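Both backbone and side-chain heavy atoms feed into the values below; hydrogens, waters and symmetry mates do not. Just so we're on the same page: letters track the sequence lines, and every chain starts at 1. No experiment lies behind these values; they were computed from the predicted model shown.
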Protein chains: 2
Amino acid sequence: MPGIMLGDMFPDFKADTTIGQIRFHEFLGDSWGILFSHPRDYTPVCTTELGRAVKLAEEFKKRNVRMIALSIDSVPDHLGWSKDINSYNSDEPTETLPFPIIADPKRDLAVKLGMLDPDEKDNDGMPVTARCVFIIGPDKKMKLSILYPATTGRNFDEILRVVDSLQLTAKHSVATPVDWKPGDKVMVTPNVPEEEASKIFTCGVTTKELPSGKKYLRYTAQPK
Amino acid sequence: MPGIMLGDMFPDFKADTTIGQIRFHEFLGDSWGILFSHPRDYTPVCTTELGRAVKLAEEFKKRNVRMIALSIDSVPDHLGWSKDINSYNSDEPTETLPFPIIADPKRDLAVKLGMLDPDEKDNDGMPVTARCVFIIGPDKKMKLSILYPATTGRNFDEILRVVDSLQLTAKHSVATPVDWKPGDKVMVTPNVPEEEASKIFTCGVTTKELPSGKKYLRYTAQPK
């Protein structure tokens, strides 16, 4: 089965979307990107997910992340369903969302990108798209992915949290510990020698003593 | 590149671990399973992650989920590092954790299961394991996966949340909406006809009116 791994160049493709035909890499430009698929238009969990994505569009924009959704439905269905999404959000029920949705009715992209959920079938017995999230860096490489089944709605706070971590750690020699949230302390990465750490991280570095005597558990304040 | 998709039978394999050699499917038995990889022993983020996993072991056990970790380090390194993990948790610094760690020094499993992070290299210039999570059902099929890079520690609350969703939705004709937490309302799945929904969900079903006039946004209380 196909699958895009961390560090792989994310495939470029042409697609029909709610804003017309696009080429994916051109659409992304120099930005970060998030491509997220949902099983079907006019279904319950997907509506709650896209509703939340609409509400968070400003947060993604602030972080220079271009959003694009995908399912196996047609452009007219996407546009009709967008009215429901806006209405669910108690907004004016227009056909416009702050991001495009790709129409992949022949499942060409879903197969190519490994996005199908074989446990969920449509009325014709064909598998539908899973709840995938691909986060793509400005270098067009895959940085992170999640793959949830149709039954399990995603957690958009977690998606924003990992975008913050990816962007912070792309810029500074730090990594974010388990359950990290923006503003929490971060870890100095192992490739920074002890004598350099205190020069780079002028707020100070705290090293935890461990039975091994190794000095790898180094905390510092989140760099600005 | 390899990759295990939703619904794929999770490969069986033999592996050396901190509790001796195991066969993976035999280790899982009839339980759910979580296989999670980390880049290296004796590194900062991994220590915070495995420390948190240790603290949550009882929660996974309650849910009948067998836990197993994996990295490209040796069994002696795993055992020595376990002392550091226990010490980080302010526990007695023994070599015992509540779950085994697989030793995959030749990267056989990491390659087979698509777990490598090509952006992170060890001192010999070889790629190390990424932060993968695979959740496997009692039928040995892949239910959900996340794939984070070395820089970004996972969110174990999110992992428990999706286990709760997977187990609930495997048992009842419901799906969990975006950002759902245990106890929140759930959605009636589209395959349940309107006339049956009120019989199955005796606490009542609320249907949201939408511009399309379609009656798919149906909420009910979380089934017990």
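- Residues B:Phe99 and B:Ala69 share a closest heavy-atom pair of CE1-CB, 4.2 Å.
- The candidate with the highest count of non-hydrogen atom pairs below 4.5 Å against chain B, out of A:Thr152, A:Asn191, A:Asp157, A:Leu50, is A:Thr152.
- In this structure, the portion of A:Lys214 lying under 4.5 Å from any heavy atom of chain B is its side chain and not its backbone.
- For a residue to count as touching a neighbouring chain, one of its non-hydrogen atoms must lie under 4.5 Å from one of that chain's; by this rule A:Lys208 touches chain B with the side chain only.
- With a threshold of 4.5 angstrom between heavy atoms, A:Val188 approaches chain B through N, CA, C or O but not through any side-chain atom.
- For A:Tyr148 and A:Phe36, the distance between ring centers is not under 6.0 angstrom.
- No hydrogens or angles considered: nothing links the side chains of B:Ser37 and B:Thr129 as a donor-acceptor pair under 3.5 Å.
- Side chains of A:Thr48 and B:Trp180: no donor on one and acceptor on the other come within 3.5 Å.
- When every heavy atom of A:Ile101 is checked against every heavy atom of A:His38, the shortest pair comes out as CG2-CE1, 4.2 Å.
- A donor-acceptor pair shorter than 3.5 Å can be found between the side chains of B:Tyr216 and A:Asp84.
- The most heavy-atom pairs under 4.5 Å with chain B, out of A:Ile146, A:Asn155, A:Thr169, come from A:Asn155.
- Heavy-atom distances place both the backbone and the side chain of B:Lys83 under 4.5 Å from chain A.
- Only the side chain of A:Arg52 has a heavy atom closer than 4.5 Å to any heavy atom of chain B.
- The side-chain heavy atoms of B:Val128 and B:Leu116, taken from C-beta on, include no pair separated by under 4.5 Å.
- Heavy atoms closer than 4.5 Å to chain A are found in the side chain of B:Arg161, but not in its backbone.
- Comparing A:Leu166, A:Ile85, A:Val45, A:Thr47 by how many heavy-atom pairs each has under 4.5 Å with chain B, the most go to A:Val45.
- Of all heavy-atom pairs spanning A:Ala197 and A:Val205, the tightest one is O-CG2, 3.9 Å.
- When the candidates A:Pro149, A:Ala53, A:Pro93, A:Gly51 are compared by the number of heavy-atom contacts under 4.5 Å with chain B, A:Pro149 comes out ahead.
- Options A:Thr43, A:Thr189, A:Asn86 differ in how many heavy-atom pairs under 4.5 Å they form with chain B, and the most are formed by A:Thr43.
- Comparing A:Gly7, A:Cys46, A:Pro177, A:Pro211 by how many heavy-atom pairs each has under 4.5 Å with chain B, the most go to A:Pro211.
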